[in-house]
Every structure is written in C-alpha cells, then in structure tokens.
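Here's the structure we're looking at; comments come further down.
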Amino acid sequence: MTDPFVIVGGDAAGMSAASKAKREDPDREVVVFEKGEWVSYAACGMPYYVKGEVDDLEDLVAVTPEEFREERDVDLRTNHEVVAIDPEAKTVTVEADGERFDQPYGDLLIATGARAVEPPFEGFDLEGVFTLRSMNEADAIEDYVDEREPRTAAIVGGGYVGVEMAEALVERGIDVSVFEMLPRILQPFGETTASTVADHLREQGVDLHLETAVEGFGGVDRVETVELEDDAVSADLVVVGVGVAPNVELAEEAGIDLGPTGAIATDEYGRTNYEDVYAAGDCAEDDHVVTGDPDHVPLALTANRAGRAIGTTVAGDPTPTGGTAGTAIVKAFDLGAARTGILEDDRAREAGFDPVSVTINAPTRPHYYPGATELTVTLVADGESGRVLGASVVGEDGVKRIDTVATAVHAELTVAELRNLDLAYAPPFSPVWDPILTAAKVLE
Ligand code: FAD
C-alpha cells in the first residue's frame, strides 16, 4: 500500500491540499500535522475580529477539525509539531505530548506558512506588545483591549496589516499612531495610492509618522511608550507589523533548496528539489507572471490555489500551481486600495521592460447617476511592446476593478487589447468607459 500523503501545517495551503487530495483519491490516506490547535482559519479576518465586526474568533474557521476528520476522512492531528524531515528515508519526525515518533510518507507537502518578523526592539517582551499572525495573538489583542482599555496605541509598520489594524483600533475608540520607517506606507501599492491612503488615515485621526524608525518600547512590565531616535510617544498598546518571514528552517535542515527570495524553491507543480516533496503557501516561492522570476508573495489565494493544485497532482493529475501577479487589496476606513503586477520602474527595467505609466481620476458611475465617486488608476505598461505590466487603484468604491488588470497581466494583453475589452456597462455600475478602460485609452 502507498504510504500516506503527509502535510505539515493545517491552514490555507495545507488544508486545501488535504481536502482536494481526498476528493480526487478517497482511498489515499491523508495525514495533516498542525502544531497549533487552530486549522483552516482565515487569518485575513483577524483585524475585523479586533475591530468588532466579527463577533467570535471561531467564525473565522472555514472547516472545523471535526468536519475534516468525520466528513472529509482526513487524519488531522492538531498539537503535533513536525520537527524533522528525512527526504531519503521519506519520513517526518513528529513531536506531540512530549513524545516523538516517525511518520513515513509517500508524498509530503510543506505548508508551514510564515511568521511575523520581530526586529530586535528593546522592550518587545513588555506586556501589551503584540504581533498579529496567529489566532491566539488576535485573541490576546482583543482581550487586552477589552480588559486594559488602552487609550493610545502604536502600530509599527505601514503595510496592509498595519493599515487594517489602525482602522480596527480607531474604531475601538483608541488614539492610534502609525510608525513607518520608509517615506511611504503600503510600499507595493505605488506612490499615488500610498499617499492617498496616508492622507485619508490622517483625516481619520491617525497620527502617521513616515520615515520614522522605532528603536524600542519603554515601560515597567507593561508598555507605556514607543521609543524613537530623539523622542518617545505614549502607547498603552503596540502592534508590530513589519512583514513576515517564511518558515523554512524545517526544509532547510532537510536539504530542501531555498530560492533567491529565501522561501522554498518550487517548480511549476510546487515540487521542491526532492521528487515527492512539495511546498506551498507563505513558506514557498511562486513564479511571477510578468518577470518569470521566483517571487515570494505571501497571500491567501496563492496559498489556497497552490495547495489545491498539489492535492490534485498528488492524486495523479499533474496540475500547475499558477504563478503570482502579486495582486492585493486593502481597506483603509472609507478607502480601498489595490494593486497588481509590476509597478516599480526599476523592477520593470530589471526584467527587460521599458516602463511607461499614466495616472487618471475617473468617476465610478455616470455624472447623472447617484453615488458616483472618483477612482484613481495608475496603469503601467511596456513602452516597446505595449504589454500591460501592472496597475494600482485607490478610491471609495470599485477598487475590485483591479481584477480586470490582473486578468490582462496574466493574459499578457497589450494596452490596446485592454482598452478593447468588452466590459459590462449600465449607469448604476459604471460609466460607459470603465475607469480601467479610460486609463488604457490615455496610456495607449
Ligand atoms: P499559514 O496560514 O501561516 O499556516 C501555516 C500553518 O502551519 C500554521 O497553522 C502553523 O501553526 C503550522 N506549522 C508551522 N510549522 C509547523 C510544523 N513544524 N509542524 C506543524 N505545523 C506547523 N492574505 C490575503 O490574500 N488577503 C488579506 O486580506 C490578508 N490579510 C491578512 C491579515 C493578517 C492579519 C494576516 C496575519 C495575514 C493576512 N493575509 C492575507 C495572509 C494570509 O493569511 C496568508 O497568506 C495565508 O494564511 C497563508 O496560508 P499558509 O497555509 O501558507 O500559512
């Protein structure tokens, strides 16, 4: 009998693979080891739990452990940590309840995700200083807000987690400061979108400090201040969101290759340098659809999609995991911001393109129809071939239009082909020329 399909990590990538493999090949044994107690949880929903829009942390769970075990016939073992992989012997070593045992595998998926980066800040261990990566951390932040009733909060890092948490904590009645080391927040979203969101955060009362490096946290037992180079700002609660690092140690120690980004290198099927060992999700690389180079874009759809594809492959139908365009979207109070593809001139040039771009403001509905707002679209293309390279959009409404450009990026459309797309139109939804088409007309 074939040894089981063993999966390390029970969230987006791991559980997508488990479910799909079981569906495609019900006779194959599928064993998932998850070191925590939560599985199949929507980490993306955690800021909205802290904000109070999601009542119960358990509402973020898509499929419960019982459903996996009883309805999907997955041998799911929570509180089981994989501590070693032996790709020659095709076993993993598992630790649970203080005991260790070896589990043989026929195929192995590493879906260990990523962890929050913790810079060596003085005072990181003070009570009231958090990162937000796991469900237990979301729970701890929520408890802290409920019990300690902080009046001031500092968010270190102006990425999408920082922006979402700024909104969540302002909604909880807390005075929020955001500290970003770089000249702008939302770095991957481009200058126009980032500065529009920054202005909006300030309008909403967020005290935004750009080009401001945090050096540590002060307080006795509990956090009281954020320490800057020549200043200290009061903070009863701190959330550090300065990016994530892929959990690759297990793979690295087993001789599994990492790629140029530091995440696990994979081929188009999610295979590592060992034939029967796959990696997916936040711990793994994906090829970028524009540059063709390996990239590390730790986002939920990429993880779910790659897990699902690997489950299909392992069940006997080789299926590519799909590349990444780095498509992302974020809400900041009354604004939405989204991006896809390559926006940065230097990155486009490195990949051999000659980037040209345009930024337009266009209404989301005809002038006579109620509810029109303005959408700002930045569209980037290769000046030589006309190929659409990427876009960023920001506005109160309609930022999901980024998906039209993401489709164009995947399909390698030119700006003229994008402009000629037959998109839906009726006054309640858009003007005749959708803002994306208008941007393409202007750039063409
Ligand atoms: P993870 O979700 O990190 O899961 C990995 C699992 O592996 C964990 O449960 C971990 O305990 C387990 N594990 C690790 N090592 C071991 C081991 N040795 N043995 C056993 N188990 C192990 N993405 C979006 O696309 N849109 C969003 O709006 C969005 N918002 C987010 C908001 C927040 C606050 C956070 C934290 C993330 C957000 N993301 C968002 C990112 C998204 O949640 C991740 O991309 C996704 O969870 C990745 O899934 P994964 O399965 O690869 O890894």
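Read the numbers this way: they start at 1 and go in the same order the structure lists the ligands and their atoms. Hydrogens, waters and symmetry mates are skipped; everything else that's a heavy atom, side chains included, is used.
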Quick test: of every protein heavy atom, which one is nearest to [atom], and how far off is it to 0.1 Å?
{"atom": "atom 44 (C) of ligand 1", "result": "D282 OD2, 3.2 Å"}
{"atom": "atom 33 (C) of ligand 1", "result": "A43 O, 3.6 Å"}
{"atom": "atom 20 (C) of ligand 1", "result": "K35 N, 3.2 Å"}
{"atom": "atom 26 (N) of ligand 1", "result": "C44 SG, 3.9 Å"}
{"atom": "atom 7 (O) of ligand 1", "result": "G9 CA, 3.2 Å"}
{"atom": "atom 17 (C) of ligand 1", "result": "V8 CG1, 3.7 Å"}
{"atom": "atom 51 (O) of ligand 1", "result": "A13 N, 2.9 Å"}
{"atom": "atom 53 (O) of ligand 1", "result": "G113 CA, 3.2 Å"}

How does [X] reach ligand 1, by side chain, by backbone, by both or by neither, if only non-hydrogen atoms under 4.0 Å count?
{"X": "Y160", "value": "side chain"}
{"X": "A303", "value": "side chain"}
{"X": "V83", "value": "neither"}
{"X": "A111", "value": "backbone"}
{"X": "A42", "value": "neither"}
{"X": "Y48", "value": "neither"}

State, without any angle test, whether [X] and [Y] hold a side-chain donor-acceptor pair at a distance under 3.5 Å.
{"X": "D86", "Y": "T91", "result": "no"}
{"X": "T324", "Y": "D295", "result": "no"}
{"X": "N361", "Y": "T376", "result": "yes"}
{"X": "E285", "Y": "T261", "result": "yes"}

Pair R100, T93 - check side-chain hydrogen bond (donor to acceptor under 3.5 Å, both in side chains), show working.
CA-CA 7 Å; R100 278 189 176 208; T93 304; 6.0 Å; no
Could you check whether any side-chain heavy atom of L228 comes within less than 4.5 Å of a side-chain heavy atom of E215, counting everything from C-beta outward?
no
Does any non-hydrogen side-chain atom of V290 lie less than 4.5 Å from one of V409?
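Yes; the side chains approach each other to less than 4.5 Å.
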Which atom of [X] lies closest to which atom of [Y], heavy atoms considered:
{"X": "A138", "Y": "M46", "result": "CB-SD, 3.7 Å"}
{"X": "R133", "Y": "A43", "result": "O-CB, 4.3 Å"}
{"X": "G371", "Y": "T364", "result": "O-OG1, 4.3 Å"}
{"X": "G158", "Y": "I185", "result": "O-CB, 3.3 Å"}

Among R172, R148, K51, find the one that has a salt bridge (charged side-chain N to carboxylate O under 4.0 Å, His left out) with E142.
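Only one option passes, and that is R172.
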For the side chain to side chain contact (heavy atoms under 4.5 Å, CB included) test, which of T266, T312, I310, D267 pairs with T321?
I310
Applying the side chain to side chain contact (heavy atoms under 4.5 Å, CB included) criterion to L421, which one of D434, T404, T407 satisfies it?
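For L421, the side chain to side chain contact (heavy atoms under 4.5 Å, CB included) test succeeds with only one of D434, T404, T407, which is T404.
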Pull out every atom of ligand 1 sitting under 4.0 Å from any heavy atom of [X], numbered as shown with elements.
{"X": "A114", "answer": "3 (O)"}
{"X": "L250", "answer": "18 (N)"}
{"X": "L132", "answer": "34 (C), 36 (C)"}
{"X": "T112", "answer": "5 (C), 7 (O), 14 (C), 15 (N), 16 (C)"}
{"X": "H80", "answer": "20 (C)"}
{"X": "P298", "answer": "41 (C), 45 (O)"}
{"X": "D11", "answer": "1 (P), 2 (O), 4 (O), 47 (O), 51 (O)"}

Say whether [X], considering both its backbone and side-chain N or O atoms, lies within less than 3.5 Å of an N or O atom on ligand 1.
{"X": "A12", "value": "yes"}
{"X": "R133", "value": "yes"}
{"X": "V82", "value": "yes"}
{"X": "E34", "value": "yes"}
{"X": "P47", "value": "no"}
{"X": "G281", "value": "no"}
{"X": "E81", "value": "no"}

F5/Y105 aromatic ring centres below 6.0 Å:
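No, the ring of F5 stays outside the 6.0 Å limit from the ring of Y105, centre to centre.
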Ligand 1 contact by Y41, heavy-atom criterion under 4.0 angstrom:
yes
Tell me whether ligand 1 is touched by R115 - counting only heavy atoms on the residue side and a distance under 4.0 Å.
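The answer is no: ligand 1 sits nowhere under 4.0 Å from a heavy atom of R115.
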Is the H80 ring parallel, tilted or perpendicular to the F33 ring (thresholds 30°, 60°)?
parallel
Parallel, tilted or perpendicular: which fits the ring planes of F179 and H209, with parallel below 30° and perpendicular above 60°?
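Aromatic pair F179/H209 classed parallel.
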Nearest neighbour of atom 24 (C) of ligand 1 from the list G10, A17, A300, C283, on a heavy-atom basis:
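The residue whose heavy atom sits nearest atom 24 (C) of ligand 1 is A300.
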Give me the one residue out of T78, D11, N136 that meets side-chain hydrogen bond (donor to acceptor under 3.5 Å, both in side chains) with W38.
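Of the listed options, the one satisfying the test is N136.
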